[in-house]
Amino acid sequence: MAEEKKTPSRSEREAAIKDKAGWVITVIAALLAVNTYIANGNSGKVLNNTIKANDTWSFYQAKSIKQTLAEMAYDDAVERKQLDKAEKLKAKIARYESDPSTGEGKKELMAKARALEEERDIVRKSGPWMTFSGMAYQLGIVLLSASILAVSMPLFWGSIAVSAVGALLMSQGIWLWLPF
C-alpha cells in the first residue's frame, strides 16, 4: 500500500517561505548596504577629484600668467641690455615651465590635473552600474516580501534571480570588467 503524500497547508507553505526568505532578505539587504556605501564613496571621490583638478588647473593658469609676464620682462631686459636681469628671468621662465623639485611647474601641474581627471572619469563610469545594482537589490527585497504574502515560490526564486543580477551589476560597478 503506497502512502498518500499530503499537500502542505497554506500556513505550512507560508512558514517554509518565511524561513527561507528571512535569510535571503538579510543577505540582499547587506549587499544593498555595501553597494550604497561604495556608491557614496565613489560619488565623494568624483567630487573631490573634480575640485582638486580645478584647483590644479587654476594654479597652472596662474603659473602661465606669471610666465608670460616674466617673458615680457625678459624681452624688455634684453632690449635694455640688462644681461644679469635677463639671465635671472630666463631661469625663472624655465622654472615656470617645469620645476620637478617642487612639482609646481606647468608641466608637472598639467600631469597632476590630467591624472586627477582620469581617476575621476574611471570612478564616474561605475556610478550607473552601482545605481542599477541598488535598484535590483531593492526589487529583490520587494519580490521576497511579495513571495511571503502570496505564499509563492516562483516569486521567491524570481527575487533570487533579480538579486543575482544585482550582484553581477555591482561587480561591474566595482571592477568595470565589461569593456563598455
Side-chain angles (χ1 to χ4, degrees), residues 25-142 159-180:
I25 284 175
T26 303
V27 170
I28 296 171
L31 287 171
L32 177 59
V34 169
N35 183 75
T36 303
Y37 178 79
I38 292 169
N40 288 342
N42 286 349
S43 293
K45 189 172 224 170
V46 167
L47 181 62
N48 286 337
N49 279 19
T50 299
I51 292 168
K52 286 178 184 177
N54 287 344
D55 288 348
T56 304
W57 282 119
S58 293
F59 194 21
Y60 175 91
Q61 278 185 314
K63 290 283 184 169
S64 188
I65 291 167
K66 287 180 175 183
Q67 182 180 6
T68 300
L69 292 172
E71 287 168 352
M72 290 170 52
Y74 172 79
D75 290 344
D76 186 54
V78 168
E79 269 185 37
R80 294 176 185 230
K81 308 259 190 258
Q82 298 171 334
L83 299 180
D84 285 347
K85 184 177 180 181
E87 283 303 310
K88 288 178 185 176
L89 287 167
K90 190 174 183 179
K92 188 181 259 190
I93 291 166
R95 277 195 318 275
Y96 284 135
E97 190 61 38
S98 178
D99 192 356
S101 64
T102 64
E104 293 181 353
K106 285 177 19 188
K107 179 181 174 185
E108 293 80 17
L109 291 171
M110 181 185 295
K112 181 180 177 184
R114 287 191 174 150
L116 287 165
E117 289 173 337
E118 185 178 337
E119 184 181 0
R120 175 206 60 204
D121 292 343
I122 290 169
V123 172
R124 185 181 282 160
K125 288 179 185 178
S126 72
W129 299 107
M130 301 305 278
T131 299
F132 298 144
S133 173
M135 289 180 350
Y137 289 141
Q138 290 175 12
L139 183 56
I141 291 170
V142 168
S159 72
I160 301 283
V162 169
S163 298
V165 169
L168 187 67
L169 293 169
M170 185 172 154
S171 74
Q172 171 63 12
I174 293 170
W175 295 296
L176 298 171
W177 50 274
L178 291 174
F180 45 82

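One is the number of the first residue; the rest follow in order along the sequence.
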Quiz item: Going through the checks in order, is the side chain to side chain contact (heavy atoms under 4.5 Å, CB included) test met by Glu117 and Trp57?
Solution: CA-CA 11 Å; Glu117 289 173 337; Trp57 282 119; 2.9 Å; yes

Exercise. Just jot down the ring-ring contact (aromatic ring centres under 6.0 Å, His included) partners of Phe132, sequence neighbours excluded, or say none.
Key: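 If we apply the ring-ring contact (aromatic ring centres under 6.0 Å, His included) test to Phe132, skipping adjacent residues, there are no hits.
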
Quiz item: Who are the side chain to side chain donor-acceptor pair (under 3.5 Å) partners of Gln172, not counting sequence neighbours?
Solution: none

Let me confirm one number: the [atom1]-[atom2] distance from [X] to [Y], rounded to the nearest 0.5 Å.
X      : Y      : atom1 : atom2 : value
Tyr37  : Met130 : OH    : CE    : 12.0 Å
Lys45  : Lys52  : NZ    : NZ    : 9.0 Å
Lys63  : Met110 : NZ    : CE    : 14.0 Å
Met170 : Leu32  : CE    : CG    : 9.5 Å
Glu108 : Ser101 : CD    : OG    : 8.5 Å
Leu83  : Glu87  : CG    : CD    : 7.5 Å

Exercise. Please indicate whether Glu118 has more than 12 foreign heavy atoms, meaning atoms of other residues, nucleotides or ligands, lying under 6.0 Å from its CD.
Key: no

Quiz item: Stepwise, does the side chain to side chain contact (heavy atoms under 4.5 Å, CB included) test hold for Gln138 with Ile141?
Solution: CA-CA 5 Å; Gln138 290 175 12; Ile141 291 170; 5.8 Å; no

Self-check item: Heavy-atom closest pair, residues Gly166 and Ser133
Solution: O-OG, 2.8 Å

Practice problem: Check Tyr137 against Ile28 and note the closest heavy-atom contact, atom names and distance. | Solution: O-CG2, 3.4 Å

Quiz item: Where the side chain of Ser126 meets the backbone of Val123, is there a donor-acceptor pair that is under 3.5 Å apart?
Solution: yes

Exercise. Please confirm whether the backbone N or O of Tyr60 pairs with a side-chain atom of Ser64, one donor and one acceptor, at under 3.5 Å?
Key: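 No; judged by distance alone, with no hydrogens or angles, the pair does not exist.
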
Quiz item: Would you say Glu119 and Asn48 make side-chain contact, with heavy atoms under 4.5 Å?
Solution: no

